Q: 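Before I ask anything, let me first share the structure, which is written out below as structure tokens.
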Amino acid sequence: TVTVAGGATKIITFRVARNTSLITGQIKDDSGAVLKNLQLRLAASNGAGSWQDGFYNPDTGSYRINVSQGTWYVGVSAENLAGYTPPDPASLIVFVDQGKSVVQDIVLKRIGASRITGVVRKPDGSPFSHVFVAADVPYGGAAQTEQGAYSAGYGAETDAKGVYSIPVPPGSWRVRAFAPPSLGFQNPEAVDITIANGETRTVDLQFRSPSAVISGKIEGVSGKAFVYAWSDKGGYAETESAEDGSYTLNVTKNESWNVS
């Protein structure tokens, strides 16, 4: 964090470390079988702002991440891991010496038969096709990680009839749906559920029409600026301010909004 007084100049020096170390291994399931031909993304972060993308070889099921010396938190993107749970973040904290290699296999457990399904509708009640529905860890949930490259989450797109189906591990999930703000709809209220192993839960979602307005003016900014807001119930709105900094956001009533 850097604080600069008005009219002052602050010189910042960045030190760049060479990526002479390596984290490597294989992607396996909980039976020990190597998982090939997946579409996934790997990355490692060091908790101090450094981030390194990894490379996964779908032909061999192996991966590699070039890093510098230190402790790294390895993560695997969950959005493309159809049928598998993300690995335990605590098992993917890796220390690497300068110029050395560390072998760290990543184990993905198969998702059981648990599933969240439902229908997504527009404000007028008609089916909403081709929108994304996400099942994420509820805010502050025990499964949320403070460190690591990715957090747990699953999702699916609705079909032509607005129907979606998301396989998930048993546990607590927050179900939400998203559509481009340009359509003028407000996201449905997020729904928190707990699902048992092998259980199917139905969560229907309906987008909302804006019913309130937040307006204001950005001080100290010259020209247009991007303004957005999010609510405690899953709502989202965005706009661009006028040249004088004034803005208007179309939102919904009876929920708390954060503007940034």
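We count residues from 1, following the sequence as given. Just so you know, these numbers come straight off a predicted model, no measurement behind them.
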Q: Is the distance between the ring centroids of Trp173 and Tyr154 under 6.0 Å?
A: yes

Q: Is it possible for you to say whether Leu92 and Phe95 belong to one hydrophobic cluster, with membership spreading through side-chain heavy-atom contacts below 4.5 Å?
A: no

Q: Is a side-chain donor-acceptor pair under 3.5 Å present for Gln52 with Asn19?
A: yes

Q: Tyr56 and Leu35: which non-hydrogen atoms are nearest, and at how many Å?
A: OH-O, 2.9 Å

Q: Tell me if a side-chain donor or acceptor on Gln206 pairs with a main-chain N or O of Lys122 at a distance below 3.5 Å.
A: yes

Q: Are any side-chain N or O atoms of Asn187 and backbone N or O atoms of Phe178, one a donor and one an acceptor, separated by less than 3.5 Å?
A: no

Q: Going from OG1 on Thr202 to CZ on Arg115, what distance comes out if it is rounded to the nearest 0.5 angstrom?
A: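 Answer rounded to 0.5 Å: 11.5 Å.
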
Q: If I take atom OG1 from residue Thr158 and atom CZ from residue Phe132, how far apart are they, to the nearest 0.5 angstrom?
A: 10.5 Å

Q: Verify the distance criterion only: is there a donor paired with an acceptor across the side chains of Ser209 and Gln186 at less than 3.5 Å?
A: no

Q: Considering all heavy atoms of both residues, which atom of Val34 and which atom of Gly61 are nearest to each other, and what is their separation?
A: CG1-CA, 3.8 Å

Q: Rounded to the nearest 0.5 Å, what separation is found between the CD1 atom of Ile23 and the CD atom of Gln104?
A: 8.5 Å

Q: Ion pair present between Arg121 and Asp204, side-chain N to carboxylate O less than 4.0 angstrom?
A: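 Not counted as a salt bridge, because no side-chain N and carboxylate O are separated by less than 4.0 Å.
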
Q: Sub-3.5 Å donor-acceptor pair from the side chain of Ser172 to the main-chain atoms of Thr194, do we have one?
A: no

Q: When clusters are formed by joining ILVMFWY residues with side-chain heavy atoms under 4.5 Å apart, either directly or through shared neighbours, do Val96 and Phe55 land in the same one?
A: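 As far as the 4.5 Å side-chain criterion goes, Phe55 and Val96 are not connected within one cluster.
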
Q: After noting the C-alpha distance and the side-chain angles of Asp59 and Lys36, does the key distance pass the salt bridge (charged side-chain N to carboxylate O under 4.0 Å, His left out) rule?
A: CA-CA 6 Å; Asp59 296 326; Lys36 303 178 182 179; over 6 Å; no

Q: Would you say Trp72 and Val102 are hydrophobically clustered, going by side-chain heavy atoms of ILVMFWY under 4.5 Å?
A: yes

Q: Can any side-chain N or O of Ser45 pair as donor or acceptor with the backbone N or O of Ser50 at less than 3.5 Å?
A: no

Q: Quick one: do Leu22 and Leu42 end up in the same hydrophobic cluster if we chain Ile, Leu, Val, Met, Phe, Trp and Tyr together by side-chain heavy atoms under 4.5 Å apart?
A: no

Q: Going by the ring-ring contact (aromatic ring centres under 6.0 Å, His included) test, which pairs reach into residues 194-220, not counting sequence neighbours?
A: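 Every pair satisfying ring-ring contact (aromatic ring centres under 6.0 Å, His included) with a residue in residues 194-220: Phe128-Phe207.
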
Q: Taking Val227 as the starting point, is it possible to reach Trp230 by hopping between hydrophobic residues whose side chains are less than 4.5 Å apart?
A: no

Q: Does atom CG of Asn254 have more than 12 heavy-atom neighbours, drawn from other residues, nucleotides or ligands, at distances under 6.0 Å?
A: no

Q: Compare every heavy atom of Pro181 with every heavy atom of Tyr236, then report the nearest pair and how far apart it is.
A: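 Heavy-atom minimum between the residues: CE2-CG, 3.8 Å.
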
Q: Between Ser211 and Thr252, do the side chains contain an N or O donor and an N or O acceptor separated by less than 3.5 Å?
A: no

Q: Could you tell me the separation between the CD1 atom of Ile27 and the CG atom of Leu40, rounded to the nearest 0.5 Å?
A: 6.0 Å

Q: Is there a donor-acceptor contact under 3.5 Å from the side chain of Ser68 to the main chain of Arg18?
A: no

Q: Using a 3.5 Å distance criterion without hydrogens, assess whether the side chain of Asp97 forms a donor-acceptor pair with backbone atoms of Lys100.
A: no

Q: Working to the nearest 0.5 Å, report the span between CG of Leu108 and CG of Leu38.
A: 7.0 Å

Q: Report yes or no: does Ser114 contribute a side-chain atom to a donor-acceptor pair with the main-chain N or O of Pro169 at less than 3.5 Å?
A: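 Flag not set: sc Ser114 to bb Pro169 has no pair under 3.5 Å.
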
Q: In this structure, which one of Val119, Val133, Val120 forms a side-chain contact (heavy atoms from CB on, under 4.5 Å) with Val163?
A: Val119

Q: Determine whether a donor-acceptor pair (N or O, by modelled atom type, separation under 3.5 Å) exists between the side chain of Asp105 and the backbone of Gln26.
A: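 Flag set: sc Asp105 to bb Gln26 pair under 3.5 Å.
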
Q: Give the minimum heavy-atom separation between Leu249 and Ala229, together with the two atoms involved.
A: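 Looks like CD1-CB, 3.8 Å.
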
Q: Is it true that atom CZ of Arg208 has more than 12 heavy atoms of other residues, nucleotides or ligands lying nearer than 6.0 Å?
A: yes

Q: Could you tell me whether Arg174 and Asp136 make a salt bridge, using a distance below 4.0 angstrom between a side-chain N and a carboxylate O?
A: no

